[in-house]
Amino acid sequence: MKLNDVTDPNSLSSKLRGKRDVRLRELITEISAQKGSISILDVGGTVEYWQRLGLDFVRAQKATIVVTNLVPSELTGIVGNEDVFSMAVVNGCDMSIYSDGEFDLVHSNSVIEHVGDWANMRAFAAESRRVGRNYYVQTPNFWCPIDPHYYKAPMMHWLPHPWRARVFNSFAITYSGKKAQGVDEAYRIIDSTRLIDGRQFRYLFPDAQVSTEWFFGLPKSHIGVRTSA
């Protein structure tokens with residue numbers, strides 16, 4: 001059974017996501033009950049994610065959701081759901097188009113590990129904390145031996161970059177099912193994801209209640225929640 005098989009409702013990943021969704025629904029329900037509605041900024045998100053969470057639930061909470069992404073092709077699925085969603089091409093590290101506390105809830109799911117170096121991670125975290133009165137942030141844990149993004153082999157993300165690049169060029173172990181074609185592609189794969197540990201996560205989100213999602217005794221993900229109540 002694959003950890004990363006998000007399309008299979010019986011997969012381990014789907015079951016873990018289901019548990020995670022319970023907390024998110026509770027948070028949305030709490031905010032909506034207080035205000036009578038809720039505005040959400042989903043940074044680096046997709047409409048598909050919210051469809052899995054449940055559009056009937058979202059509508060019942062009178063939610064309006066702005067889905068942002070750097071990649072315009074990810075901004076799909078709005079047709080028929082315009083009452084809930086709007087979309088924008090926005091860099092999560094610079095959301096100056098939004099004012100302080102503009103949204104009731106800022107949400108990001110497995111995004112901060114893709115924004116680049118530490119300076120970008122700090123900017124992403126600061127902007128998420130700034131524009132949301134509440135926030136919910138999730139990211140995989142560096143110390144889980146399975147990187148959920150790319151690697152079919154465990155502990156690959158713990159290897160030095162030159163070793164990892166050589167493995168990617170030699171074996172088809174990324175989830176694309178293909179070998180990296182040369183040094184450049186191998187390093188682009190490596191640089192596209194930088195997992196963080198608990199100490200880093202707590203530094204980036206110092207005002208969050210931080211919890212750990214566990215997978216067979218291993219720390220799979222960090223979840224940070226800040227509530228204004």
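Computed from a predicted structure; not experimentally measured.
- The CE atom of M87 sits 6.0 Å away from atom OG1 of T76, with the distance rounded to the nearest 0.5 Å.
- Nearest approach of I78 to S86, heavy atoms of both residues: CD1-CA, 4.0 Å.
- S39 and D104 are linked by a side-chain donor-acceptor pair at a separation below 3.5 angstrom, with hydrogens and angles left out of the test.
- Within the model, atoms CZ of R133 and CG of L105 stand 10.0 Å from one another, a figure rounded to the nearest 0.5 Å.
- Side-chain contact between Y136 and R23 is present, with at least one heavy-atom pair separated by less than 4.5 Å.
- Counting only distance, with no hydrogens or angles, the side chain of R194 and the backbone of W118 share no donor-acceptor pair below 3.5 Å.
- V84 and L24 fall within a single hydrophobic cluster, where Ile, Leu, Val, Met, Phe, Trp and Tyr are joined by side-chain heavy atoms under 4.5 Å apart, directly or via other members.
- Closest approach of I173 and A153 over heavy atoms only: CD1-CB, 4.2 Å.
- At distances below 3.5 Å, not a single donor-acceptor pair connects side-chain atoms of Q138 with backbone N or O atoms of I223.
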Pairs of donor and acceptor atoms involving the side chains of residues 53-65, under 3.5 Å and at least two apart or interchain, shall be tabulated with distances.
unit_1	atom_1	unit_2	atom_2	d
R59	NE	D83	OD2	2.8
R59	NH2	N81	OD1	3.0
R59	NH2	D83	OD1	3.0

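- The aromatic rings of F205 and Y135 sit tilted relative to each other, their planes meeting at an angle between 30° and 60°.
- For N169 (side chain) and G182 (main-chain N/O), a donor-acceptor pair under 3.5 Å exists by modelled atom type.
- In this structure, Q209 places its CD atom where only 12 or fewer heavy-atom neighbours from other residues, nucleotides or ligands lie under 6.0 Å away.
- In terms of modelled atom types and a separation under 3.5 Å, the side chain of Q181 and the main chain of K179 share a donor-acceptor contact.
- Ring orientation note: the planes of W158 and W143 are tilted relative to one another, at an angle of 30° to 60°.
- By the rule that hydrophobic residues join a cluster once side-chain heavy atoms approach within less than 4.5 Å of another member, I28 and V137 end up as members of separate clusters.
- Under the 4.5 Å side-chain heavy-atom criterion for ILVMFWY residues, a single connected hydrophobic cluster contains both Y203 and V115.
- Between H114 and T193, the closest side-chain pair of non-hydrogen atoms falls below 4.5 Å.
- Residues E127 and N91 fail the side-chain proximity criterion, which asks for heavy atoms closer than 4.5 Å.
- Using a 4.5 Å heavy-atom cutoff, the side chains of E113 and F142 are not in contact.
- In this structure, the salt bridge (charged side-chain N to carboxylate O under 4.0 Å, His left out) partners of R226, at least two apart in sequence or on a different chain, are D207.
- Taking every heavy atom of both residues into account, H222 and N141 meet most closely at CE1-ND2, 3.1 Å.
- Counted within 6.0 Å of CD on Q51, heavy atoms from surrounding residues, nucleotides or ligands total more than 12; the atom is thus considered enclosed.
- In this structure a side-chain-to-backbone donor-acceptor pair under 3.5 Å is present from Q200 to D197.
- Considering only heavy atoms from C-beta on, M95 comes within 4.5 Å of V43 through its side chain.
- Taking the six-membered ring for Trp, H107 and Y49 have ring centres closer than 6.0 Å.
- Here the closest non-hydrogen pair linking L204 and A125 is O-CB, 3.5 Å.
- A165 and Y187 make their closest contact through CB-CE1, 3.6 Å (heavy atoms, listed as atom of the first residue, atom of the second, distance).
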Evaluate D191 against H161 for side chain to side chain contact (heavy atoms under 4.5 Å, CB included), listing each step before the verdict.
CA-CA 9 Å; D191 289 342; H161 285 190; 4.3 Å; yes
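- Contact detail for G116 and M121: the closest heavy-atom pair is O-CE, 3.8 Å.
- No donor-acceptor pair closer than 3.5 Å links the side chain of S32 to the backbone N or O of T29.
- Taking the side chain as every heavy atom from C-beta outward, R164 and H157 approach each other to under 4.5 Å.
- In this structure, V47 is not a member of the same hydrophobic cluster as V111, with clusters built from ILVMFWY side-chain heavy atoms closer than 4.5 Å.
- Hydrophobic clustering (side-chain heavy atoms under 4.5 Å, transitive across Ile, Leu, Val, Met, Phe, Trp, Tyr) groups V67 together with I40.
- Other residues, nucleotides and ligands place no more than 12 heavy atoms under 6.0 Å from the CZ atom of R166.
- Of the residues listed (P219, C144, S221), the one engaging T212 in a side chain to side chain contact (heavy atoms under 4.5 Å, CB included) is P219, and it is the only one.
- The CD1 atom of I31 sits 4.0 Å away from atom CD1 of I38, with the distance rounded to the nearest 0.5 Å.
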